[in-house]
Structures are given as C-alpha cells and as structure tokens.
Amino acid sequence: MGDSWWRGGVIYQVYPRSFQDSNGDGCGDLNGITSRLDYIAELGVDAIWISPFLKSPMKDFGYDVMDYRDVDGIFGTLDDFDKLIAQAHERDIKVMMDLVISHTSDQHPWFIESRRGSGNPKSDWYVWADASPDGTPPNNWLSVFGGPAWQWDTTRCQYYLHNFLTSQPDLNFHNSEVQREILSIADFWMRRGVDGFRLDTINFYFHDHLLRDNPIMPPEQRNSNIAPAVNPYNHQDHVYDRNRPENLKFLEALRAVMDKYEDRAAVGEVGDAIRGLDLIAEYTQGDNRMHMCYAFDLLGPKKLNPARVRQMMSNFYSTAPDSWPCWALSNHDVMRHATRLTGDDATADSEARMLAGLLLSLDGSICLYQGEELGFEEANVPFEALQDPYGIAFWPEFKGRDGCRTPMVWDGAAPHGGFSEAPQTWLPVCEEHLPKAVSSQTDRADSMLVHYRELLAMRKSNPALRNGRIEFLETTEDDLLVFLRRSESQTILCLFNMGGEAARFNLPVDKKWRPIKAGHFTADWQDAYVEVCGFGAAWAEREGG
C-alpha cells in the first residue's frame, strides 16, 4: 500500500466562513483557522481540506472564482495562507485546498473578455452556442441549481453554458489554452506548499462538443443524491453535459503536475449517483490519474443498515478493485448525518457515535466535516436568514445547504459561541449547538469530542485499521455488521450494532481476541461470543494477518 500520508489518512474539512472569525467582521477567515490549528492537531487528523477561499464575488460562497492566484479579502491575504501552511506543517498537518475549475465567476477577467465577441483571445475559453432557430437554448441541458443550463448573453448574442448558477459560466476544456492555464494554476499552489487538492465536480470538466440532447431518465431510476427530488435536474440522464471520456487525459496531465512534487494527493468529487463507481474506477485507475475520489454512497438520504453497507462496499470493490476509496458521512453540501442518518431523539446520540465508529473503521481514506466531532445536528435556518441561493430557489421543499454551514461553537457562554465578536454573523449561530461547544466537551470523558479523539487515535495507532484490507463476516443478527481489517502484522475484528437491541456474535473458538477500548461503548466479551449493546460498537485485535 505504501506509506503516503493520504492512504488511510483522515482529512478534516474546514468551511472557512464558519470556522473562526479573527477580525470581527462576522465571517471566518484564514487567520481564524491558524488560531485553531492546535484544536485540529489534538483531534488527531492527518490533513485539513479548506473549502474555497480564493477571490470571488461570493454568489456561491467561493465556488465562483474570479482570481485563481489570490485570496479573497474576506479570508485574508496570500501571506496569511502561507502562514497557515507553515504552522500546519509544524504540527504535522497537511493542507489541501478546494480547487474549483469546471467553471468560474462571470466576473472573472477571462469571462469579461470572452463575452466581448468571437474575435478576442478568450472568445473560446467558455462554452458558447448559438440559439436554436426559434430562439430557445441550443439543447435540453439543465442546471443543477434549477432551470436551463444556458443563459442568453446580449453582448455576444449567444448562449453560454452554466451547470450551476447563471453567474458560474463553464470553462471550455476542449480548448488547450484553458487546460494549460488550469495546470499552471495547480502548479502555482503546489509551489506554494499545498499538499493536495479537493477537486470540485471533477466529472463536469468536459461537455459533449456536439451539444447533443440528454436522454430522459426513467422515473424509477431518478435519484435524489445529487439534486433534491423537487429539482427537474433528476429527470435527465446526464450523458452529454458531464462524465465525458475526454476528461481522462486531462486528469493524467493534472497528475503529472502534482507528481513533480513529493507526496501530494488529490481527491475528486464525483457528482453522479448513477455512474459514480464507474467514474471513480476510471478516474483513479493506475498511478497516473487521481489518487482517490469520493462518491455519494454515505452522503445520501437513506439510513444505513448492515445489508446496505455490505452492498456498498461490494459494489465498490467489484467495480473499482484497484481504486483507493474515500468515505464521508457529512460535508458542506448535505444535511448533517446526525440528523439525516439517525432516528428519534432518544437514540440519535448513540446512533451518531456508532456511525462515527463505523466510518473510522472503514478501509480507504476518511473525510470529517467540521462540527461532526461535536455531534452537530442540522441547524434550522429561517428563510429570512438564508444565504444559499439553492435553498432560496427551492424553499420550503428544499431548504438548501445553510443548515450544515452555520458557525462552529467554541465557547457556549461567549457571544456567538466564541465564533465571532461581530454584532452579527454571516449565518446565525445555531442555539441548539451552544451546549455542544468545544469548551463543554474538551474535558468530559463521555463527550462526542472525546469519543472522536479516541476513535481517531485508535485508527492511527493500528495499521490494520489504517490500511488493512476488509473482509465481511456472516452473522445471525440482521442489525449486526461485522468485518475484519487485516494487515500483515495485525487483524482487527470490528462489530457495529445498527439496531436498538443488544446483538450477539459468536467468536471463532481457535482465535484469541484482545478487546480494544475506544469511544463510549460497552460490550460483553466472553470466550465464545461478544454481545454488543444497542447502537454500540466493539473492536478486538490479534496478531498476524
């Protein structure tokens, strides 16, 4: 497997607007992240992934870039970022940055030049098309954020493609100059010291140059993992506006840039609920494409059970046997899993603890999202406080992504939970999160924060959990998920009770297992069996693979 930091590593996602405000403007920033690096180091992760902080008009909060080589003033300066990298590296924390290259802001100088007409040097840097004879868009492609994926431009008298907001025009990756510039940007940040990239919407880079219509998606195959069920985006099979085969050569070129530097890594976001595993297999094949990609298997709306987890893992390894997986339960785009994947209030905390144990016992690499380690549920943000254009457009059936983006709570007794000293924060602090502040959990042995720290320490100190292969075991209990993690020197037995009643697993009589204590779980270990409490977990080790 090699000893690269990212293999089996845990990456902590920081959403900078909501992590820590250092200058009192109500918005988190780079210096705020730097001030909390000790907290991140104590958590025990290997790297941080910082969501977009480049110069942007913030129509989509940094996912609409207008300068790829500068930090937005909201977050600080390039010097602030250099300081963050240096101090993170002093603590042995790698730094990954979100690289958003499928589209730019419509305020980017490239687009401003491109829209002037067909005769300028940047005229072909974006996807332009003439109207259909009746004046309608050139094809039936839809935007992820609702409505047509084409916007009429009165200067060029043509339509431009935008897979997301109208203010996010898509770059034309069929243009070799565009590719060279994007590769130069990646090299710029590599030279600056970043340890890798999280590549936003990695399967959206190329479009069908013939602009063919997408076919209809049969109703029974429509999946809401990528877009909410109320969004007509799910009505199409997106074979022409994303997932194009030309993407593979570009990914190889990007990998070549990264390979000039030592031990860097890229994780791609594959936004496709239907073909996600096939794309992951393609994008990570061999040693000359992406290091890893994460799919939406654990980020979907359906609750998990042992059968689903086993099927998910089986699908991954049958489809992408040579790929390195990356798993996450929550991120900045989906409802927090403490709300999405748990049951009633009486069991939600126990279920969240069990899911944390499961996530941090899986093979591959792991992404944790800020606040997850504190047990944050989805915040209820009222309509008048919403910032997310996606939520505003589809309210109230879909309330957008603001509920998972509210500020971190560091001190429950401080104004705005210690996040900011401003009179008002960019999103309101969730009142229900205040009792779960870092200050109230740090020294409490049974807290969710200590639970995560113990689980992370267990993963880091046991080679079988970090990079061993996985092998599922049969059980007689429907709610019990059991698997082995095997390395050359160690085997670990992992048990997860995904139901509310105690469950028993019969141990192999010819093996001697030593229980591993991690997290706030109870299990009854006997010579012949182990009994795991409802929504509990248990681990044990033995020497040898």
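This is a predicted model, so every value here is computed, not measured.
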Salt bridge [X]-[Y], side-chain N to carboxylate O under 4.0 Å:
X    : Y    : result
E372 : R340 : no
D72  : K55  : no
R255 : D259 : yes
R156 : D130 : no

**Item:** Test item: N231 and F398 side chains (from C-beta on) under 4.5 Å apart, heavy atoms
**Value:**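 Not touching, per the 4.5 Å side-chain cut-off.
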Distance in Å, [X] [atom1] paired with [Y] [atom2], rounded so as to fall on 0.5 Å steps:
X    : Y    : atom1 : atom2 : value
D208 : N139 : CG    : CG    : 8.5 Å
D187 : M258 : CG    : CE    : 11.0 Å
R244 : H209 : CZ    : NE2   : 9.0 Å
R17  : D29  : CZ    : CG    : 11.0 Å
R459 : I492 : CZ    : CD1   : 10.5 Å
T104 : D64  : OG1   : CG    : 8.5 Å

**Message:** Does the structure place the NZ or CZ of R289 under 6.0 Å from the centre of the six-membered ring of Y283, at an angle of no more than 45° from the ring's axis?
**Reply:**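 Geometry flag: not set, cation outside 6.0 Å or 45°.
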Could you tell me how the ring of [X] sits relative to the ring of [Y]: parallel (under 30°), tilted (30 to 60°) or perpendicular (over 60°)?
X    : Y    : value
H108 : Y68  : tilted
Y15  : H332 : parallel
F204 : F164 : tilted
W128 : F111 : parallel
F19  : Y12  : perpendicular

Donor on one side chain, acceptor on other, [X] and [Y], under 3.5 Å:
X    : Y    : result
R275 : T319 : no
D80  : T77  : yes
D170 : N163 : yes

**Request:** Please check if atom NZ in K94 has more than 12 non-hydrogen atoms from other residues, nucleotides or ligands closer than 6.0 Å.
**Result:**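 More than 12 within 6.0 Å, yes.
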Taking the ring centre of each residue, are [X] and [Y] less than 6.0 Å apart?
X    : Y    : result
W189 : F81  : yes
Y294 : W324 : no
H162 : W150 : no

**Minimum heavy-atom distance S114-S123, with the two atoms named** =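 Looks like OG-O, 3.3 Å.
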**Request:** Over all heavy atoms of both residues, which pair between Q168 and F145 is shortest? Give the atoms and the distance, please.
**Result:**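 Between these two residues, the closest heavy atoms are OE1-CE1, 4.0 Å.
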**Message:** The test is side chain to side chain donor-acceptor pair (under 3.5 Å); show your working for W426 and S18 and say whether it passes.
**Reply:** CA-CA 8 Å; W426 83 281; S18 294; 3.0 Å; yes
**Prompt:** Stepwise, does the side chain to side chain contact (heavy atoms under 4.5 Å, CB included) test hold for D195 with D263?
**Reply:** CA-CA 7 Å; D195 300 287; D263 209 17; over 6 Å; no
**Stepwise side chain to side chain contact (heavy atoms under 4.5 Å, CB included) test for H103 and L171** = CA-CA 5 Å; H103 52 267; L171 285 164; 6.0 Å; no
**Message:** By the definition side chain to side chain contact (heavy atoms under 4.5 Å, CB included), identify the one residue from V71, I74, D98 that meets it with F53.
**Reply:**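 The option that passes is V71.
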**Request:** Report the residue from H337, R336, Q13, R401 that forms a side chain to side chain contact (heavy atoms under 4.5 Å, CB included) with N331.
**Result:**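 Per the side chain to side chain contact (heavy atoms under 4.5 Å, CB included) rule, the option paired with N331 is Q13, out of H337, R336, Q13, R401.
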